[in-house]
*Asks:* 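Quick one: the structure is below, and I'll ask about it shortly.
Just so it is clear: chains get the letters A, B, ... in the order the sequence lines come, proteins before strands, and each one is counted from 1.
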Protein chains: 2
Amino acid sequence: MKRPLNVVVSAMVALYLVLAVCTPAGAQTDPLPSWNDGPAKQAILEFVRVTTDKASPKFVEPEARIAVFDQDGTTWVEQPMYTQVMFALHRVGVLAEKDPKLKEVEPFKTVLSGDRAAMAKLTMQDLEKILAVTHTGMTVEVFQTIVQDWIAKAKHPRFQRPFTELVYQPMLEVMQHMRASGYKTYFVTGGGQDFVRVYAEKVYGVPPEQVVGTAADTKFGYDKSGKAILTKVPKLLLLDDKLGKPVGIHLMIGRRPVATFGNSAGDQQMLEYTQAGDGARLMVLVHHDDDKREYAYGAKSKIGTFPDSLMAEAQKRGWIVISMKNDWKRIFAFE
Amino acid sequence: MKRPLNVVVSAMVALYLVLAVCTPAGAQTDPLPSWNDGPAKQAILEFVRVTTDKASPKFVEPEARIAVFDQDGTTWVEQPMYTQVMFALHRVGVLAEKDPKLKEVEPFKTVLSGDRAAMAKLTMQDLEKILAVTHTGMTVEVFQTIVQDWIAKAKHPRFQRPFTELVYQPMLEVMQHMRASGYKTYFVTGGGQDFVRVYAEKVYGVPPEQVVGTAADTKFGYDKSGKAILTKVPKLLLLDDKLGKPVGIHLMIGRRPVATFGNSAGDQQMLEYTQAGDGARLMVLVHHDDDKREYAYGAKSKIGTFPDSLMAEAQKRGWIVISMKNDWKRIFAFE
């Protein structure tokens, strides 16, 4: 015991280094800086706190920490039309350049006319034909490359920025905060699974295997050199919307989520399914009420439908409704 | 600079503590102790080494480290019949007790007779009827409980042990070693996804969301109290066998695996699909050639088919073939 002080100093230095190396940084800072203080922010923070505190009766085991997010309208802009529909319309143009016969056939003729009023009258069957031509008939890798190339260049008509910049910063913060708290974050989107997978990891930190979406079938075969390939075919495997969302969750995740974020009637059933489980639950709806910074959808909007009945359901069941206008200090990272 | 030695000691103590807290234990021990030294063991160890060594040209980024495993016959015993078929036959008996009319209707009458010769003649349609009755018509949670209860008690006819003890210890070690090396381990099984999910996490450390299997559809609805439920319905969503395995991999994982383990013709296409990717690849087949400790399947076995054509393919393509007899020092943990 010659140098007791030094022993203490050694131990303190050691402890400091251990903490510096092993502790996540920024544990004291606000994980949701783009949110205004209010009931929505508080509910999210409180939910994460109690479900990750071993001493809390609402503690959730790490393996059960599944949080699912709708994509269009919940984590990025979906107006004036879904990004994937813009992609499909663009592809019709590209394909018609290669195969001019397409220009004479409906519904492609209407799409190429650029006549908005005529396009608004396209039927579900027309849309299926457009999706078949633009989304199938190629290998899964070729499709991936096509989407990658398009999304790197395409710009939103109003914001004149890449779609991947039109991500809601407050929702990115929620996803990051939940992951830092041991949650696995999934997309459960009505959009195409293979489409969303192209950018989900880079833009949101959600890997391909955590993207549940509307999925077409693929067909196993071989290319000319004998290499095994998968070709996208026009046969629907999973329509991941409304009643289909809980089905997709069970198929692809196999656990009932404990937290679910949506923004429209298409998300109602997965919110109900989430709430019906035992223990702590978090159900959240993003409400588009900010036409200055983004969009304000009326109850009758065709995209991102938020009818009065959904608002009534949210109130009855105690779901959190985020007001983009009041709850979000900033909406986009570029603001 | 009064006490340079103490500074060095402090730094060393600190370094020691950092290493003790932050380094995984046992980095020097053999990760595959149940394997005999030989080409199969060496190939697996070498693959993991080069794909996780940043200095190696075969390095694989952590997010791309996907390893998939067939289940029946690759990670546990599948003879004299698949565990899930034994479960289904048992359930027919339970259901016939509740509903004696079933005893008079085919194919249930034959199943209940216990007449092995007659049962061997059941058609695919008969099997579908048996699966519909035993695997659908209940919520996903009720099915889970039924499987849990059965598998806790049921015993293998030859080994007289629970099926969950008839796991191949050498394969468990491979799965653990790969996970410790940053791989995500998945099951890609012809068996029922909901069936395998019940025990995969506890027995193999594979969580439900990493089980890809043959899947029936589910239907969203509400129970009498108004709670959201999913009911299993007799409609096939995914037949996860042969050509269907790469399809299931793309649907549920969305990335091409870099390592794949199988044991039968049902796994051939996913091995081909794995091999067709770029960079380091590992394709492995378990060959059942040990009738003393387990089973030796001839090339014409109905379960776990390993025809001569598969062996020829393995040789042509350079796949690793594990001889259970020669490569595995012990097969089961209880040995």
*Asks:* Where does B/Glu141 contact chain A at under 4.5 Å (heavy atoms): side chain, backbone, both or neither?
*Replies:*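 Only the side chain of B/Glu141 comes within 4.5 Å of chain A.
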
*Asks:* What part of B/Asp194 is in contact with chain A, defined as an atom under 4.5 angstrom from a non-hydrogen atom: side chain, backbone, both or neither?
*Replies:*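 Only the side chain of B/Asp194 comes within 4.5 Å of chain A.
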
*Asks:* When heavy-atom pairs shorter than 4.5 Å are enumerated against chain A, which of B/Arg197, B/Glu272, B/Lys227 gives the highest number?
*Replies:*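 Greatest number of close heavy-atom pairs with chain A: B/Arg197.
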
*Asks:* Among A/Lys184, A/Arg65, A/Arg256, find the residue that satisfies the salt bridge (Lys or Arg N to Asp or Glu O under 4.0 Å) test when tested with B/Glu209.
*Replies:*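 Result: among A/Lys184, A/Arg65, A/Arg256, A/Lys184 is the only option passing the salt bridge (Lys or Arg N to Asp or Glu O under 4.0 Å) with B/Glu209.
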
*Asks:* Side chain, backbone, both or neither: which part of A/Glu201 has an atom under 4.5 Å from a heavy atom of chain B?
*Replies:*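 When you check distances to chain B, only side chain atoms of A/Glu201 fall under 4.5 Å.
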
*Asks:* Within this structure, what is the CD-OH distance for the pair A/Gln269 and B/Tyr222, rounded to the nearest 0.5 Å?
*Replies:*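 Result: 5.5 Å between the selected atoms.
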
*Asks:* Sort B/Gln210 into side chain, backbone, both or neither according to what part of it lies under 4.5 angstrom from a heavy atom of chain A.
*Replies:*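 Side chain of B/Gln210 only, per the 4.5 Å heavy-atom cut-off to chain A.
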
*Asks:* If I compare all heavy atoms of B/Phe220 with all of A/Val247, which pair ends up nearest, and what's the gap?
*Replies:*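 That closest heavy-atom pairing would be N-CG2, 4.5 Å.
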
*Asks:* Show the nearest heavy-atom pair for residues A/Pro208 and B/Gly254, with the distance to one decimal.
*Replies:*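 Scanning both residues, the minimum pair turns out to be CB-O, 4.1 Å.
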
*Asks:* Please find the pair of heavy atoms, one from A/Ala228 and one from B/Ala276, that lie closest to each other, and give the distance.
*Replies:*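 For A/Ala228 versus B/Ala276, the nearest heavy atoms are O-CB, 3.6 Å.
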
*Asks:* Checking heavy atoms, do the side chain of A/Gln275, its backbone, both or neither come under 4.5 Å from chain B?
*Replies:*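 Answer is neither: A/Gln275 stays 4.5 Å or more from chain B.
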
*Asks:* Is chain B contacted by the side chain of A/Ile66, its backbone, both, or neither, given a heavy-atom distance below 4.5 Å?
*Replies:*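 A/Ile66 touches chain B through side-chain heavy atoms alone.
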
*Asks:* So for B/Lys245, is it side chain, backbone, both, or neither that comes closer than 4.5 Å to the heavy atoms of chain A?
*Replies:*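 Contact with chain A is absent: no heavy atom of B/Lys245 under 4.5 Å.
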
*Asks:* How close do B/Gln193 and A/Leu251 get, heavy atom to heavy atom, and via which atoms?
*Replies:*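 Taking every non-hydrogen atom into account, NE2-O, 2.8 Å.
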
